[in-house]
Amino acid sequence: MSAQAPILAADKLAVRYGSFLALSDVTLAIKPNTIHSVIGPNGAGKTTLFHALTGRVQASSGRITLNGRDITHLSDDKRVPLGIARSFQVTSLFQNLTVRENLRLAAQGRTPLQALAPWRGVEPDGEATVIADQVMSRLGITAVADRVAGELSHGQQRRLEVGMAVAAKPRLILLDEPTSGMGIDDIEAMKALIRDLGRDHTVLFIEHNMGIVMNISDTVTVMRAGRVLVEGSPMVVRDDPEVRRAYLGNMMTGDIA
Amino acid sequence: AGEDITIGAPLPMSGPFAANGKFGSMGTAMIVEEVGKILDRKLTYLEIDTEGKPATAVRKVQEAMERGVKLFAGGILSSEALAMGKEVAKGDGVFITTAGADEITGAECNKNTFRWSVPTFGAIEQTVRPLIEQLPNAKRWYTITPQYVFGDGLLNAAKAIFKEKGIEHVGNSYHSLTEKEFSGYLTNAMAAKPDALLILNFGSQSSDTLRQAASFGMKKRMAILLAWASGLEQFEALGPELMEDVYFGAQYWHAIDSPFNRELVTKVQAKHKMNPNYALASAYLTTKIIIDAAAKAGSTDGPAVIKAMEGMKYAGLTGDEEIRAADHQVIKNYYLLKGKAKSAMKDKDDYADIISFGKSFQSPEQALCKMA
Amino acid sequence: MSATLLEVENVHGYYGKSHILQGVTLEVREGEVVTLLGRNGAGKTSTVKSISGLLAPRTGRVRFAGTEISGWQPHQIAQLGLALVPENRGIFGLLSVEENLRIAARKRSPWSIKDVYTIFPRLEERRRNGGGQLSGGEQQMLAIARALVNAPKLLMLDEPVEGLAPVIVEEIVAQLKQIRATGIPILLIEQNLAVCTELADRHYILELGRVVYNGTHDEFAADEITKDRYLGVNAH
Amino acid sequence: MIYLFQLVNGIGLGMLYFLLAVGLSIIFGLLHFVNFAHGAFYLLGAYLAYDMIERGLNFWAGLVLAPLVVAALAALTEIVLLRRIYHLPHTFHILVTVGLALMVQELVIILWGPVGGNVSPPEALSGVVMLGDFIYPQYRLFVIVFTMVLALGLWWLLEGTRLGAVVRAGSESTDMVSLLGIDILKVNTAVFALGAGLAGLAGSLAAPIRGVEPFMGVEALGIAFVVVVIGGMGSYTGALVAGLLVGIVQSIMTTLWPEGARLMIYLGMGLVILTMPRGLLGRA
Amino acid sequence: MNRSSLHFILAAIVAVALPLFMRSGTLASEVLIYAMAASACNLLLGYTGLLSFGQGIFFGLGSYVVGLTLLHTPLPLGLAILFSIVIGALVATGVGWLSIRRQGVYFVMLTLAFSQFFYFLAYTFKDITGGDNGLLNIPRPDVGPLVLRSSWAYYAFIAIIFLLIFATLQRVASSTFGRTLLAIRDNEERARAIGFPVRTFKITAFAISGAVTGLAGALHALLIGVAPLSNIDYHMSESILIMTIIGGTGNLFASVLGAGFYVIVSDLLSTIWPRWLLLLGGLLVVVALFMQQGLWGLLERIILALRPASRTAAGKEPGRSPL
Ligand SMILES: Nc1ncnc2c1ncn2[C@@H]1O[C@H](COP(=O)(O)OP(=O)(O)OP(=O)(O)O)[C@@H](O)[C@H]1O
Ligand SMILES: Nc1ncnc2c1ncn2[C@@H]1O[C@H](COP(=O)(O)OP(=O)(O)OP(=O)(O)O)[C@@H](O)[C@H]1O
Ligand SMILES: [Mg+2]
Ligand SMILES: [Mg+2]
């Protein structure tokens, strides 16, 4: 396993917001077909790391490679066809479009140039539509397929948010706090989903729910103040005194859920 | 008696030139009512709001012509008048206008379009030339000019006179048609230390220029000539304080001493309790010209009326006037006025005295008119 | 038993034509922490919105400290001391952290801006930052801090620990305990049962816009059937 | 030398532009409201001052009263009309305010005629000052000084009081502001009235320089937009800097290349937007 | 029948019915010309969320290009019109490329700056454009055997083009491309995050819109025989935008309604009272306050009210559905 080349690698990555260094010297290697989680205190730079990896923000220094290819300077939309998709911590949907259309678009996004043809119609049984329907049933939101996303409750929106990433059928899927805002039973379902995704995708996810993190991750990276604090298996991380102090505390959350 | 004869009055009733439109339509209404009937048919008029836009003007004239209107008097803005002239020509109607652009009876002249107002050449000849004679010490002149064909027409005519008279043209400021702030240009003008300032824009732009020039104390330092003033309605907006000692060029002034004008003034005073201004008087007269021509021709047919108008001589607002056949330009006087002090005004409209007047016109060839 | 501070009586609420709240009845007494539980979409958020005036109840009554407030404007209700920390946090992104606090600060509040900085030191570090530049957890802290300086008589928190690191959750739970200790009652919407366990005196469970369960914490803790039926907490 | 004159002249122009634009900027940046009726308030200010002075009122009284009346009218408009449409997309702001601007303009024509008029500066300020060769109207000098004092007061109001922060907050989420117990509707009304009142003041100050005519509002609106965009929407200092900049550039261009003055200004505006996303001094 | 063929039939009814109700072919032609321009504006506003104050640029350029081609070259009408379309698309691509770098109000202001810029350009280069006088004497040549001289013949010509364009724009709007534009309008960040090169989409939308607007401008210049400066000024942009907004941005037929309403009502009002702009202003305010789905929304409400039985079948949320 250790001999396998990483699907995604970051080398000495740094991100600046103005004068504020949100991320510095982050080196990370995500092995294919693993479930890799990122945890750390609020403001540690986890989301920023995701932004940098997906191209939402440009790295101010360092290198990102996907399957050995340098993607550091590729814009975010150009990375999607290479097999990266993500969900957002702060829900970001097409509020005025239906759930189905949201997912159809997400599926279409892999081949965006096909959508650039102003004469090509939307086929009701086209690939993207089929994928959208699959994702809806996988996430249990088929019942609201024809509601516009903005009218869903918070938890339903969170689920759709994750669905948007799944619909792109990526090789590497990045989920930013997929269970936040979800009900107790849904958290279980999400855990199962992530585990399931881990079978044919590589999953990188941020989570504050330790029940999930510790149960299903192959590797856990702990961040603090823009840097990697510790990386290792859940067992290693759980027992690291520094991690306990800086982040886990008594692990009240997650033990129950 | 046949059906009514309708005169089209395409005027900017709305938009920035609404004032002209309003008075123009009063003039048209008066003459149509006054004549009442020709060729045994009732006269009516159709007010057409051009909104001051050529596109609207043309569209509405097209519509009017489809409804059988062939005779038009109106068109105050150059751009709308030029465009309407073309449109009327397509339907072989007759159009008489008071707009300023030289092209109307110059490069763009056509056999269906007539123009009453004096072109730029005459306006300058009858203002700058007499003023140079009046003010022999004013050797340095500065000009402020709107940058488009009309402005260049005025400027070129002025330059020719300067050259001929040995006047030093110490500078010119071009500005766009949308400019409202002239302090920069006036600063330029003051720096050139002229003896006379020649303002070649018109309408509210010329008011703005004059107002701001006065505030910069320029009235005390130099003679100011506003060569193309619109007359009474502009003077009302300016007021006597600004006008005092300033020279104005004008197509028409209600104090012109001609029988026709005296009559008109009496009528307008009786009807509207005001003195006629340029827009009113010119609309009155141009409409009258068309009506008379139709009566004379015994027909409202375009070609017949045109024939009657060509070479027509009549007693007009400015005395004897004549329609030149070769380019359809009316040969009439242009006036140089001088603003007077408030204390010297005999009545509320007595803003200025006529200093001089006369007729100056280029030949049709000089004006580049080639009529098809 | 202490006096009732907030009474919600048979409230019906609509979004356009959809009838979301179908007669919610609940109450919060002085000094207690009450949680509002329920699945996603059950109407928890809508309930607190209707209390704070953002979703005016079509029928039913809301009384606060004896005053009938249904139909009042949100700012009037807030001036009475009913503070809501909404689920989207409502941080003003264009304002700095400090400004976010300053516009909410009231003199009569037991918490000053300095006090909340002591509670949440992270906020003090980022006080000049725009609210929009905070991390999710930092925004949540700011939202709670802002409610505190706003002189609340009753605090309504819509999923306050969503997205917070475990240590911070503990911290916030500790702070909420302190707030309760000052006598300010809390109406808490929370998915995290551990947090509820730590804090709550009583629970309501909502389903399809109706209260379907209501009990003290001890009753609830023992009632596995209810938990499983309405919240899906099953032994896995 | 001439450039020095043009510089002084440009400052005079610039201060007027600042006054014209700052109200728009406040309304724009803080209420997120695109106010195409701003020019109409300027127009009203000018005509009200003109009317009051024509009726024999003292110039100074007119200068104070006219903007107050404008502000009151604006407050009324805001309460009756605008607050219903804040939450709608910009397109509706444009529709309503373009409509309002048309109505005001036509009402002005109905009430005061299409011709326009002249407003004399007060006796004490009708002269000129000589600065060497350079002559400058006393009234324009007064405008510069007056606007500067006003600018200071305004700065205090917007930056030194809580009002500024509250309104910026309201521009993001009115709901959240009300949840903090603040009556955002009143604040909005106050801000709108303030912005419109400033436009009215610009109008009554400009009347002795420009005279009054029914279409002055349209022109003013164009300038105000340019200044606000260059300076950065919602930025008070931006309006000041950009107002001066536009005034000075315009003034100097009249000597350098007058035909291109307008072209330059719009080109400059385009360049500023393209190179500085938030204008010169706009907030992030 | 799906919504888009319904709308096409409605548009065809408008094109056929106008001559029955209007005494003037010129006014009827103007309605269809502005209907095209407004539909093109709607593609940007309603589908892409771009509030462009620069549509007048393309309209004016279309007028100038067709005029200059016919005046200075022996090329046939068809080619001249084609040039207008191409130039409209090219310039729109340029303007779009620059403008979409900014968002929100800054985008609006950028398009406004461009519109002023092109106006002054046309004003300054008076040797080419005729400056304030406009480009005069634009002929309206026949197209093969079609004689377009009479105003109704020309109307028929425009009506055919209008229907072609309308159908084309409908196709564009309902294509995957159009659906993606709707998504971009809704949440640009997300659109980019799921892989769409948002700028390319926006620029393409601009180009299509510019092409159609250029065509409308060309047809307008041919209608009146002049390419006036006012065709490229700020007010042209404003008018096109207002027509689009009062029609409603939900679907393309709404723009036809908006244009027809604006042109016809303006024409009517201006014959009633010189101060008609007061009434027009009032009307705009009323539309914004009470008809936020535009005229189309009103129409839908009326139809629904007339057919209470089919209320549920007609779709839950009228104005919201994209087509
Ligand atoms: N656009 C921005 N401008 C300036 N600072 C920013 C910006 N976005 C984030 N930050 C800062 O960068 C730091 C890291 O933020 P980030 O969102 O990556 O944290 P996080 O680890 O995801 O936290 P959380 O768990 O709370 O979501 C925070 O301190 C935040 O305030
Ligand atoms: N703005 C809205 N328009 C229409 N329907 C809405 C709106 N907001 C919420 N709803 C609907 O109202 C119902 C209750 O929503 P609410 O937000 O109150 O649920 P909740 O219990 O807070 O759920 P969650 O745990 O997911 O936050 C849901 O079915 C939701 O789809
Ligand atoms: Mg985060
Ligand atoms: Mg909720």
Side-chain angles (χ1 to χ4, degrees), chain A residues 50-51 54-56 75-88 90-98 101-123 126 128-129 146-151 160-161 164-165 167-170 174 176, chain E residues 2-5 40 43-44 46-49 89 165 167-209 211-212 249-250 252 315-323:
Chain A
F50 269 32
H51 285 343
T54 55
R56 167 77 169 266
S75 66
D76 50 354
D77 56 280
K78 300 253 160 40
R79 295 187 199 189
V80 177
L82 301 180
I84 299 187
R86 71 172 294 184
S87 75
F88 288 90
V90 178
T91 311
S92 173
L93 300 169
F94 302 117
Q95 300 275 340
N96 296 310
L97 304 183
T98 63
E101 179 71 357
N102 265 276
L103 293 168
R104 189 194 65 77
L105 284 157
Q108 175 89 65
R110 273 189 316 161
T111 51
L113 295 182
Q114 275 183 15
L116 198 52
W119 55 89
R120 180 174 296 155
V122 178
E123 301 133 39
T129 318
D146 294 313
R147 302 266 301 270
V148 295
E151 287 179 1
L160 178 55
E161 177 66 45
M164 297 290 277
K169 296 220 156 170
L174 292 86
D176 196 344
Chain E
N2 66 23
R3 285 173 73 89
S4 91
S5 33
L43 187 71
L44 292 181
Y47 288 81
T48 325
I165 291 296
T168 310
L169 282 180
Q170 271 197 318
R171 179 73 196 170
V172 170
S174 60
S175 68
T176 49
F177 173 73
R179 303 262 290 254
T180 310
L181 292 184
L182 280 175
I184 290 172
R185 171 197 159 131
D186 205 345
N187 184 346
E188 189 173 335
E189 300 285 353
R190 181 47 120 166
R192 203 175 298 123
I194 59 175
F196 291 106
V198 166
R199 297 190 40 169
T200 314
F201 276 80
K202 284 185 175 177
I203 293 172
T204 310
F206 246 105
I208 295 173
S209 174
V212 174
T249 51
L252 292 170
K316 286 177 298 219
E317 284 288 319
R320 194 167 256 140
S321 35
L323 263 172

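Chain naming here is simple, since letters A, B, ... match the order of the sequence lines and numbering starts at 1 in each.
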TODO: Could you pull out the closest heavy-atom pair between M164(A) and I194(E), with the gap in Å?
DONE: CE-CG2, 4.5 Å
- [ ] Pick one of side chain, backbone, both or neither for A191(E), based on which atoms fall under 4.5 Å of a heavy atom in chain A.
- [x] both
TODO: Could you tell me which of G178(E), A193(E), A205(E), S175(E) has the largest number of non-hydrogen atom pairs under 4.5 Å with chain A?
DONE: S175(E)
Task: Contacting region of A106(A) [heavy-atom separation from chain E under 4.5 Å] - done: both
- [ ] Report yes if the side chains of V198(E) and D77(A) come closer than 4.5 Å at any heavy-atom pair, otherwise no.
- [x] no
- [ ] For R190(E) and S92(A), indicate whether the former's side chain and the latter's backbone hold a donor-acceptor pair under 3.5 Å.
- [x] yes
TODO: Indicate the atoms forming the closest heavy-atom contact of F196(E) with P112(A), along with that distance.
DONE: CD2-CB, 3.8 Å
Task: R192(E): salt bridge (charged side-chain N to carboxylate O under 4.0 Å, His left out) partners, not counting sequence neighbours - done: E188(E), E189(E)
Open item on the list: Which atoms of R104(A) are under 4.5 Å from chain E, going by heavy atoms: the side chain, the backbone, both sets, or neither?
Closed with: side chain
Open item on the list: If I measure from the heavy atoms of chain E, does R110(A) come under 4.5 Å with its side chain, its backbone, both, or neither?
Closed with: backbone
Task: Spacing of L182(E) atom CG and L105(A) atom CG [to the nearest 0.5 Å] - done: 9.0 Å
TODO: For the pair N187(E) (side chain) and F94(A) (backbone), establish whether a donor and an acceptor sit closer than 3.5 Å, ignoring hydrogens and angles.
DONE: no
Open item on the list: Quick check: closest heavy atoms across Q114(A) and T176(E), and the distance to 0.1 Å?
Closed with: O-OG1, 3.8 Å
Task: Contacting moiety of I208(E), where chain A heavy atoms sit under 4.5 Å - done: side chain
Task: Structural part of T204(E) lying under 4.5 Å from a heavy atom of chain A - done: side chain
Open item on the list: Quick check: closest heavy atoms across L113(A) and P197(E), and the distance to 0.1 Å?
Closed with: CD2-CG, 4.5 Å
TODO: Using a cut-off of under 4.5 Å on heavy-atom pairs, state which of V80(A), T54(A), L97(A) scores highest against chain E.
DONE: V80(A)
